[in-house]
Amino acid sequence: MSARRDDRSPEARVYRGLYKTAAWRRRRAEQLAREPLCWMCGAQGVVTAATVADHVTPHRGDPVAFLGPLRSLCATHHSATKQREENRGGPVGVDVNGYPLR
């Protein structure tokens, strides 16, 4: 059995290592214990267990920003909605009149 190929950039490999530390695992567990429900689901009136401690501001490998504030999200919101918002530079959705945000 061969090892999986890692196609990430050298920079990405370095910052991905931040997620493998005991300090991160402890911080993640504390965040999910403090806020066990998905923040984005809650804003939609839905109750869903959170499984991801999300960086409110993307750290992009900056170790100082990595220590920034967290919020709890479900895997769906972290992997889809949050990524779209970051790529788009703002919230995804519609206003009370049905017009797209931004």
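We're numbering straight along the sequence, starting at 1.
Smallest separation of non-hydrogen atoms from D62 and V64: OD1-N, 2.9 Å. The minimum heavy-atom distance between C41 and C74, with the atom names listed, is SG-SG, 3.9 Å. Here the shortest heavy-atom pairing between P36 and A33 reads CD-O, 3.8 Å.
Cluster annotation: L70 is not connected to L32 through the hydrophobic network of ILVMFWY side chains, with a link wherever side-chain heavy atoms come within less than 4.5 Å. L37 and W39 fall into different hydrophobic clusters, where Ile, Leu, Val, Met, Phe, Trp and Tyr residues are linked whenever their side-chain heavy atoms come under 4.5 Å apart, directly or through other members.
Between atom NE2 of residue H77 and atom CG of residue D54 there is a gap of 11.5 Å, rounded to the nearest 0.5 Å. Note: R25 CZ to K20 NZ = 10.5 Å, rounded to the nearest 0.5 Å. Note that OG1 of T57 and CZ of R71 are 9.0 Å apart. Values are rounded to the nearest 0.5 Å. Rounding to the nearest 0.5 angstrom, the gap separating the OG1 atom in T51 from the CZ atom in R28 is 7.0 Å.
Using the six-membered ring where Trp is involved, F66 and Y19 have ring planes that are perpendicular, over 60° apart on the 30 and 60° scheme.
Checking side-chain atoms of S72 against main-chain N and O of E35 turns up a donor-acceptor pair under 3.5 Å. The main-chain N or O of L67 is never found under 3.5 Å from a side-chain atom of H59 such that the two would form a donor-acceptor pair.
Side-chain contact of R34 with Q31: a donor-acceptor pair under 3.5 Å is present, judged by distance alone.
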